[in-house]
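Working notes for the structure below.
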Amino acid sequence: MKQAITYELLHICKQSGARRGVIHTPHGDIQTPIFMPVGTQATVKSMTPDELKEMVQAQIILANTYHLFLRPGHELVKEAGGLHKFMNWDRPILTDSGGFQVFSLADLRKISEDGVEFKSHLDGSRQFISPEKDMEIQEALGADIIMAFDECCPYPSTYEYTKNSMERTTRWAKRCKDAHKTIDKQALFGIIKGGFYKDLRDKSLEDLVKLDLPGYAIGGIAIGEPKEKYLDILYHTAPKMPENKPRYMMGVGSPDYLIEAAIAGIDMCDCVLPTRIARHGTAMTSHGKLVVRNASFEKDFSPLDQECDCYTCKNYTRAYIRHLINTKEILGIRLLSIHNLRFLTKLMERVRIEIEKDSLLDFRDEFYKNYGYTKESN
């Protein structure tokens, strides 16, 4: 049967080994490496689809299976014609499995081989998601890329706990594949687990590759561990992932983590970080983070970032945005969200250019110097 997506490798950076590619999907092509904005509740917070396309130039966005399962319900979304029609977005969508959200409930959930029983964080009602149920939900939502249901390990976890969790995730991935029906419309990605134990990462990858899924993700890092541990597992795992399929690093959104992921050979990254820090009055700039609500910007009539081409930087000053944030005006959050999202999509545009020029490591060093990263922060 025809697969929903295909990956085309265009160039490998001679300097770094980073990949420049294209993912062909039912709703358009995705130029990689790519940063994907997160739209948890079928919306990227405070942004319209047109703004995401025109101001941010987002190629693909994410939505959250757990949240949409609870509200408004996957049956309603299916009745509306799927997520694309429901939210008026005609480009690719990825839905995560909801595993991270379910397991973050801690005291409210019970894990078994069948799946996870949990209490809704909304009303306390008892719910159950199995791999098969997860596929039912994601097929109803209708995203181009869907994720296998996974068990998430906290950090830190013991070797035995991590091993058992990883093996269960592999078994669940097999059940997801067996239950997945819309193969020609939706691509099912497996999630490589194993915590911070390299032998478990290798075993997880080996067993998942045997399932011959359309793509693979690294999960369970960038969850609060020291950066050196993140880099260690990233650079150990990513180069071993199948070359002819998309490689996805889950939950990464800071500029340094994005650049390092690309160098390691990752094609796709996502994170709520840019919109989350926007809601707290913080902007990403070419010279580091800028907390615009601070008093020092009261009479600063320059843009957030002189080097940025976004709508916000072209039209508004730091002083005005500070005023909006401090008076709790919604426009302030919107303008910072536009800027932060565009900052990251533009960063990845530059990364793609540097890969083609075989100069990504030189760019990384230049970017780090300007951004203010030190050896300690690296």
Side-chain angles (χ1 to χ4, degrees), residues 4-5 23-31 34-102 120-122 129 133-147 180 182 184-189 215 217 248 250-251 253 268-276 278-279 310-311 330-331 333-342 344-345:
I5 70 165
I23 303 172
H24 304 285
T25 83
H27 287 89
D29 292 346
I30 305 165
Q31 303 295 324
I34 183 71
F35 172 76
M36 306 180 288
V38 176
T40 301
Q41 309 270 12
T43 175
V44 177
K45 288 190 185 300
S46 82
M47 306 283 293
T48 69
D50 285 346
E51 288 168 342
L52 287 169
K53 288 189 279 190
E54 296 167 12
M55 298 179 183
V56 175
Q57 298 182 35
Q59 301 182 54
I60 174 175
I61 60 175
L62 272 68
N64 184 270
T65 296
Y66 166 82
H67 287 285
L68 295 176
F69 165 62
L70 293 180
R71 184 175 56 187
H74 58 290
E75 294 95 345
L76 186 147
V77 175
K78 183 177 182 180
E79 186 178 343
L83 272 178
H84 289 93
K85 288 188 176 180
F86 188 54
M87 64 184 296
N88 189 33
W89 177 259
D90 58 6
R91 293 183 180 180
I93 298 175
L94 183 153
T95 44
D96 61 18
S97 70
F100 178 81
Q101 285 72 30
V102 168
S120 165
H121 73 284
L122 297 174
I129 295 181
K133 182 66 175 181
D134 203 77
M135 290 298 95
E136 175 193 325
I137 297 166
Q138 292 195 71
E139 288 177 2
L141 296 176
D144 303 84
I145 299 172
I146 63 178
M147 305 302 297
H180 179 39
T182 54
D184 60 330
K185 297 178 181 178
Q186 296 179 292
L188 174 64
F189 282 23
Y248 172 21
M250 306 180 76
M268 310 160 65
C269 296
D270 79 284
C271 196
V272 298
L273 180 68
T275 49
R276 175 174 289 167
R279 296 194 296 277
C310 80
Y311 169 82
I330 295 172
L331 181 59
I333 294 173
R334 283 176 34 74
L335 292 177
L336 281 175
S337 296
I338 290 168
H339 167 78
N340 285 345
L341 289 169
R342 177 57 189 152
L344 293 184
T345 59

Any non-hydrogen side-chain atom of [X] less than 4.5 Å from a side-chain atom of [Y]?
X: V272; Y: K45; value: no
X: P26; Y: I5; value: yes
X: T275; Y: L341; value: yes

Restricting to non-hydrogen atoms, name the atom on [X] and the atom on [Y] that form the minimum distance, rounded to 0.1 Å.
X: V77; Y: L83; value: CG1-N, 3.6 Å
X: Y248; Y: L94; value: CE2-CD1, 3.8 Å
X: M135; Y: H180; value: SD-CB, 4.2 Å
X: L335; Y: Y311; value: CD2-CE2, 3.9 Å
X: S97; Y: D134; value: O-OD1, 2.6 Å
X: S46; Y: S337; value: OG-OG, 3.9 Å

Could you measure the distance from the [atom1] atom of [X] to the [atom2] atom of [Y]? Nearest 0.5 Å is fine.
X: I146; Y: E139; atom1: CD1; atom2: CD; value: 5.5 Å
X: T95; Y: L141; atom1: OG1; atom2: CG; value: 6.0 Å
X: L344; Y: H339; atom1: CG; atom2: NE2; value: 9.0 Å
X: I137; Y: I129; atom1: CD1; atom2: CD1; value: 4.5 Å
X: Q59; Y: R91; atom1: CD; atom2: CZ; value: 7.5 Å
X: M36; Y: I145; atom1: CE; atom2: CD1; value: 7.0 Å

Does [X] reach the main-chain N or O of [Y] with its side chain, forming a donor-acceptor pair under 3.5 Å?
X: D144; Y: Q186; value: no
X: H84; Y: A143; value: no
X: T65; Y: Q138; value: no
X: Q101; Y: H67; value: no
X: D270; Y: P37; value: no

Quiz item: When you check the side-chain N and O atoms of D96 and Y66, is any donor under 3.5 Å from an acceptor?
Solution: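 No, no side-chain donor-acceptor pair sits under 3.5 Å.
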Look at atom [atom1] of [X] and say whether more than 12 heavy atoms of other residues, nucleotides or ligands are closer to it than 6.0 Å.
X: K53; atom1: NZ; answer: yes
X: Q57; atom1: CD; answer: yes
X: L122; atom1: CG; answer: yes
X: R71; atom1: CZ; answer: no

Exercise. Go through M250 and F100 one step at a time and tell me if the side-chain contact (heavy atoms from CB on, under 4.5 Å) criterion holds.
Key: CA-CA 11 Å; M250 306 180 76; F100 178 81; over 6 Å; no
Self-check item: Verdict with reasoning, T48 to N88, per side-chain contact (heavy atoms from CB on, under 4.5 Å)
Solution: CA-CA 9 Å; T48 69; N88 189 33; over 6 Å; no
Exercise. Could you please spell out the steps behind the side-chain contact (heavy atoms from CB on, under 4.5 Å) verdict for M268 and F189?
Key: CA-CA 12 Å; M268 310 160 65; F189 282 23; 4.1 Å; yes
Exercise. May I ask you to decide whether K78 forms a salt bridge with E75, counting only side-chain N to carboxylate O separations under 4.0 Å?
Key: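 Salt bridge absent between K78 and E75.
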Exercise. Take L70 and H121 through the test side-chain contact (heavy atoms from CB on, under 4.5 Å) and record every step on the way to the result.
Key: CA-CA 9 Å; L70 293 180; H121 73 284; 3.8 Å; yes
Exercise. Scan I60, I34, I30 and name whichever one has a side chain to side chain contact (heavy atoms under 4.5 Å, CB included) with I23.
Key: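 With I23 as partner, side chain to side chain contact (heavy atoms under 4.5 Å, CB included) holds for just one option, I30.
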